[in-house]
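Reading through the structure tokens given below for one structure.
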There are 2 protein chains.
Amino acid sequence: MRGWCRDFQRSCRAAGIRVTAQRLAVYEALAADGAHPTADALYTRLARVMPGLSRTTVYRVLDSLERRGLIRRVSSTAGVARFDARPEAHQHLVCRVCGAIVDVSLPTFRRLGVPRGPLPRFVAEHVEVQVVGRCAACHGQDAGGDPGTGT
Amino acid sequence: MRGWCRDFQRSCRAAGIRVTAQRLAVYEALAADGAHPTADALYTRLARVMPGLSRTTVYRVLDSLERRGLIRRVSSTAGVARFDARPEAHQHLVCRVCGAIVDVSLPTFRRLGVPRGPLPRFVAEHVEVQVVGRCAACHGQDAGGDPGTGT
DNA sequence: CTAAGTGCAAAGCATTTGCAGGCTT
DNA sequence: AAGCCTGCAAATGCTTTGCACTTAG
């Protein structure tokens, strides 16, 4: 219940960025949320406990952490950015209607790493696997609506 | 050089949507472009040959085709929507800096289909595999800039 | 004929940027 | 002390919506 904090501070120093209350807060909130929150979701949650926090800062913090590889921006079919602090390899179920993202661990993909073959002028960093479809709430529609909350 | 047209018309009828000049044009332009163009890129290209075409229409056409499954919205880490008309299974190299998407065919993933295991209240439609990293133009930066054009 | 599709202009959100302080190092 | 970070407000950029007209079926 305290380890992540020291680890995170170490990571920040190693990455050459300063340890600020905002970075700590955003990282903790993200790590505690398994639903791949959006920047705005994190802001809303944090603003309650950290008045004065700016939405801009949340965006900037997420951006800087992603640049140093401390968190990931998960790719999605919806237009809003979603983030992930979980380092372990896992796959995503993404609903093409409401954009919800759920973690899964599919044995078939579990041990597939970054392909070692010659990639055309490209530096591979990691592989993302997404099962695209429709979640329970969105089953029935073809797409376009927003029946689920996506959380 | 004419087959796609009749096939597309048939698909539209089967999907219950009308065959219009705009739909034909957008679909043809998308199918002819291997770079996973954005809605705006398609609009710009088409506006030259089809004056009066509206950007709104391009968005709406892409949306309706995606809803019926005639094309796909490819998931990406960047904020702009990119589309794909290629039905064959393939994987994507996505640059996390400039958002460029390149097709690849990785033997390891080639024959991996939608997992048949019990997915938690989810209707799986297809699987997407992305190798995230940095393209040649963006190598050197950590992220954030826009050195490449992404096309 | 009639409902789906289109164009235009304006609105809507998510995200970014400029600038003046504030706080980590 | 120096410069990275933050907050605020305004700007940007992609995408959607309202409305009246057009056109495929």
Side-chain angles (χ1 to χ4, degrees), chain A residues 8-27 36-44 46-47 50-68 73-74 76-83 97-99 142-146 150, chain B residues 8-27 36-44 46-47 50-68 70 73-74 76-83 97-99 142-146 149-150:
Chain A
F8 180 70
Q9 299 193 17
R10 219 187 322 272
S11 301
C12 284
R13 299 238 164 69
I17 58 178
R18 295 182 177 172
V19 180
T20 65
Q22 289 87 339
R23 279 215 246 262
L24 248 358
V26 169
Y27 182 83
H36 312 287
T38 62
D40 201 69
L42 288 169
Y43 167 72
T44 306
L46 288 170
M50 196 177 201
L53 173 67
S54 160
R55 202 185 309 266
T56 305
T57 297
V58 175
Y59 277 99
R60 276 197 278 234
V61 165
L62 289 169
D63 209 57
S64 70
L65 296 184
E66 195 231 344
R67 270 142 78 155
R68 320 301 157 119
R73 185 184 298 262
V74 337
S76 124
T77 185
V80 259
R82 285 166 171 277
F83 298 84
V97 180
C98 71
D142 38 35
D146 190 6
Chain B
F8 180 70
Q9 298 194 18
R10 219 187 322 272
S11 301
C12 283
R13 298 235 165 69
I17 58 177
R18 294 180 180 174
V19 180
T20 66
Q22 290 86 339
R23 281 213 245 262
L24 248 358
V26 169
Y27 182 82
H36 312 286
T38 61
D40 201 70
L42 289 170
Y43 167 71
T44 306
L46 288 170
M50 195 176 202
L53 172 67
S54 160
R55 200 185 311 267
T56 305
T57 298
V58 175
Y59 277 99
R60 277 196 278 234
V61 165
L62 290 169
D63 210 56
S64 71
L65 296 185
E66 195 232 343
R67 271 142 77 156
R68 321 302 158 118
L70 302 198
R73 186 184 297 263
V74 336
S76 124
T77 186
V80 259
R82 287 167 168 277
F83 298 85
V97 180
C98 71
D142 39 35
D146 190 7
T149 60

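Below, chains carry the letters A, B, ... as their sequence lines are ordered, and counting in each starts from 1. Just so it is clear, the model here is predicted, and its values are computed rather than measured.
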Across all chains, not counting sequence neighbours, the ring-ring contact (aromatic ring centres under 6.0 Å, His included) partners of B:Phe83 are none
Heavy-atom closest pair (A:Met50 atom, A:Ala25 atom, distance to 0.1 Å) is SD-CB, 4.0 Å
Rounded to the nearest 0.5 angstrom, the OG1-CD distance for B:Thr77 and A:Glu66 is 5.5 Å
Compare all side-chain heavy atoms of B:Arg73 with those of B:Asp63 and state whether any distance is below 4.5 angstrom. yes
Whole-Å distance, A:Arg82 CZ to C:dT15 C1', equals 16 Å
In whole angstroms, the gap separating C1' of C:dC23 from CG of A:Leu24 amounts to 14 Å
When every non-hydrogen atom of B:Ala15 is compared with those of B:Arg68, the smallest separation belongs to O-NH1, 3.5 Å
For B:Tyr27, the ring-ring contact (aromatic ring centres under 6.0 Å, His included) test, sequence neighbours excluded, returns B:Phe8
Atom OH of A:Tyr27 and atom P of D:dC5 are separated, to the nearest Å, by 17 Å
Axis-to-axis angle across the helix from C:dC1-D:dG25 to C:dT25-D:dA1, five pairs each end, nearest 10 degrees, ~ 50°
Every protein N/O lying under 3.5 Å from an N/O of nucleotides 23-25 of chain D:
unit_1 : atom_1 : unit_2  : atom_2 : d
D:dA24 : N3     : B:Arg18 : NH1    : 3.2
D:dG25 : OP1    : B:Val19 : N      : 3.1

ring-ring contact (aromatic ring centres under 6.0 Å, His included) filter on A:Tyr59, not counting sequence neighbours, yields none
- Can A:Val26 and A:Thr57 be said to form a side-chain contact (heavy atoms from CB on, under 4.5 Å), step by step? CA-CA 9 Å; A:Val26 169; A:Thr57 297; over 6 Å; no
Sorted by chain and residue number, the salt bridge (Lys or Arg N to Asp or Glu O under 4.0 Å) partners of A:Arg55 (sequence neighbours excluded) come out as A:Asp40
Residue pairs meeting side chain to side chain donor-acceptor pair (under 3.5 Å), one or both in residues 8-26 of chain A, sequence neighbours left out, come to A:Asp7-A:Arg10, A:Arg23-A:Ser64
Protein-nucleic acid N or O pairs under 3.5 Å, nucleotides 7-14 of chain C:
unit_1 : atom_1 : unit_2  : atom_2 : d
C:dG7  : OP1    : B:Gln22 : NE2    : 3.1
C:dG7  : OP1    : B:Gly52 : O      : 3.4
C:dG7  : OP2    : B:Ser54 : N      : 3.3
C:dG7  : OP2    : B:Thr57 : OG1    : 2.2
C:dG7  : O5'    : B:Gly52 : O      : 3.4
C:dG7  : N7     : B:Arg60 : NH2    : 2.9
C:dG7  : O6     : B:Arg60 : NH2    : 3.1
C:dA9  : N6     : B:Thr56 : OG1    : 3.2

